[in-house]
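Here the structure is laid out as structure tokens; the discussion comes afterwards.
Index from 1, following the sequence.
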Amino acid sequence: VADGQPSALQVLRQTVSRVDALGEAVNRLCDHMETLRVKEVAAIAEERVSQMEVRLSQTQAVHLQEVQVRMTAAQQQLAARLQSLETAVQQEQQSSLKALQAILQSSTTTAPGGSA
């Protein structure tokens with residue numbers, strides 16, 4: 001070994017030290033890449049969730065509108081039935097009143113002391 005020149009052992013130690021340093025750098029790079037991959041996957045997942053939320057809200061809006069249409073139709077049918085029943089009750093009341101009036105007139109004209 002010449003003066004000022006490192007020995008083979010020193011070169012080997014320096015090489016091992018550099019390999020160790022490179023190994024640590026590679027490990028840090030792998031960790032960093034894994035972190036980036038996790039962040040990328042998380043971003044993709046968030047995007048998919050957002051898309052699903054939009055689709056669900058649109059589907060729910062359509063469903064809600066369909067329910068509102070059915071409810072409005074049901075309310076209208078109930079209102080029509082109620083009106084029909086009220087009309088029938090009024091007609092029945094008028095008919096009963098007329099029948100009672102006829103019975104009363106009949107009883108007063110045939111009753112003793114009534115005008116014949």
Open item on the list: Any salt bridge linking Arg37 with Glu40? Criterion: basic side-chain nitrogen under 4.0 Å from a carboxylate oxygen.
Closed with: no
Would you give the length of the straight line joining atom [atom1] of [X] to atom [atom2] of [Y], rounded to the nearest 0.5 angstrom?
| X | Y | atom1 | atom2 | value |
| --- | --- | --- | --- | --- |
| Gln75 | Leu82 | CD | CG | 12.5 Å |
| Glu46 | Lys39 | CD | NZ | 12.0 Å |
| Leu97 | Leu104 | CG | CG | 9.5 Å |
| Gln93 | Leu100 | CD | CG | 11.5 Å |
| Gln94 | Lys98 | CD | NZ | 6.0 Å |
| Gln60 | Glu53 | CD | CD | 10.5 Å |

TODO: For Gln65, look at atom CD and say whether over 12 heavy atoms of other residues, nucleotides or ligands are found less than 6.0 Å away.
DONE: no
Open item on the list: Take a 6.0 Å sphere around CZ of Arg81 and say whether it holds more than 12 heavy atoms from other residues, nucleotides or ligands.
Closed with: no
Is [X] reaching over with its side chain to a backbone N or O of [Y], donor-acceptor style, under 3.5 angstrom?
| X | Y | value |
| --- | --- | --- |
| Ser107 | Ile103 | yes |
| Gln58 | Arg55 | no |
| Ser95 | Gln91 | no |
| Ser84 | Ala80 | no |

Task: Identified side-chain contact (heavy atoms from CB on, under 4.5 Å) counterpart of Met33 within the set Thr35, Leu29, Asp31 - done: Leu29
Task: Close side-chain approach of His63 to Glu66, heavy-atom, < 4.5 Å - done: yes
